[in-house]
Amino acid sequence: MYLDQAKTVVIKIGSSLLINDKKIIREKWLSEFVKDIKHLQKYNKNIIIVSSGAIALGCKKLKLNKRNLKLDKSQAVASIGQIELMNLFKKKFNLNKINLSQILITLEDTEQRRRAINAKRTFENLFSLGFIPIVNENDSIATSEIKYGDNDRLASRVAQIAGADCLILLSDVDGLYSQNPKIDKNAKLIHQIKNIDEYIEKISTNSTSEHGTGGMKTKIDAAKICQLSGCYMAIANGLINRPIKNILSTNLCTWFIPKVSKLDARKKWIISSVSPKGQIVIDDGALNALKNGKSLLAAGIKKVNGQFRKGDHIRIIDKNMVEFARGLSSFTSDEISKIKGQHSNRISGLLGYETKSEVIHKDDMVKV
Ligand code: GLU
């Protein structure tokens, strides 16, 4: 099963799982959910949790009604609620000795390569430090035009950026049904979806998820992003205790199957930008290292052509001026001019600040 085999898993939990209609925090549920996470950790999975709840918990603290909030007020409320949310998580997860970190993301962070690459590295470093990132949208800063507004699509972008194998959207329904199960007794849960065709679009518009900003529509949008990122996605019922254990044991949910492999998706993302902004000429030693799947280090760089910024798409050329690969640069062209030919341990001395050592990371490179 997809979740079993996944190395990196993103789990999205909606506000309605954390706080009920009477504005009571579902402490017991959260304690059980923590056990689910502990279970996944035992199998050495990298985990990211995307959690809503900042606005709901902010409203609870201020005794406000979420429905009547204007945007500017809701931004202040989210800023108040986010700390409540993290305190709640910290209290529950610490009891199980699970370390947490927090990342607040805006739409721009996920859409701009440079920031997306940075976010990917941060996730990787947090995994190797043994911390679980809790992600939410930076609601206090994002304005309506540049806002996800729902954490379903945000979670799918996070899954894409982190190179996750699997995204679980924990909702208040079991998944996508052929008809509305609240009205029609013959409604059947759809277990697997390969193609989001007109039929799926139609039934997802008709079905409702009671709470949350998203409903089914944003979950289908999230599935489309996942399908093109090589990531399996499930819509599953989060209201029950131990929802992850339930997926593992019953597989009762709707799975969306990716259309491309993760590797192909990433390669496409790397070279999908506008034409390359510059080129790096490398020596034979570096060429061999790259052929063996290594990252490009400064030591093997002979020359840099063109002006580019961090995260820009550039060509990697051998000494005979033959293009070997394309990649996303972790340094600007000016920085590379200063560090080319130098050993990695001299980079911070030459630039005057700490940086990464790979000029182009192997994961950000596609051989042509
Ligand atoms: N980011 C919002 C919050 O933390 C929730 C968005 C959503 O409901 O999907 O309150």
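Both ligands and their constituent atoms are indexed starting at 1 by order of listing. Both backbone and side-chain heavy atoms feed into the values below; hydrogens, waters and symmetry mates do not.
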For [X], the ligand 1 atoms whose distance to one of its heavy atoms is below 4.0 Å:
{"X": "Asn136", "answer": "1 (N), 3 (C), 4 (O)"}
{"X": "Asp139", "answer": "1 (N), 2 (C), 3 (C), 4 (O)"}
{"X": "Gly53", "answer": "3 (C), 4 (O), 10 (O)"}

Margin query: Would you say that Leu297 contacts Glu358 through its side chain, given a criterion of any heavy-atom pair below 4.5 Å between the two side chains?
Written below: yes

Exercise. Salt bridge between Asp363 and Arg266, side-chain N to carboxylate O under 4.0 Å?
Worked result: no

query: Linking I/L/V/M/F/W/Y whenever any side-chain heavy atoms sit under 4.5 Å apart, do Ile98 and Ile244 land together?
result: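 Both belong to a single hydrophobic cluster.
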
Does any N or O atom in [X] lie less than 3.5 angstrom from one in ligand 1, N or O only?
{"X": "Ser51", "answer": "no"}
{"X": "Ile55", "answer": "yes"}
{"X": "Gly149", "answer": "no"}

query: Does the side chain of Tyr232 come under 3.5 Å of the side chain of Gln5 through a donor N or O and an acceptor N or O?
result: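 No, no side-chain donor-acceptor pair sits under 3.5 Å.
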
- [ ] Answer with yes or no whether the side chains of Lys35 and Asn241 bring together a donor and an acceptor at under 3.5 Å.
- [x] no

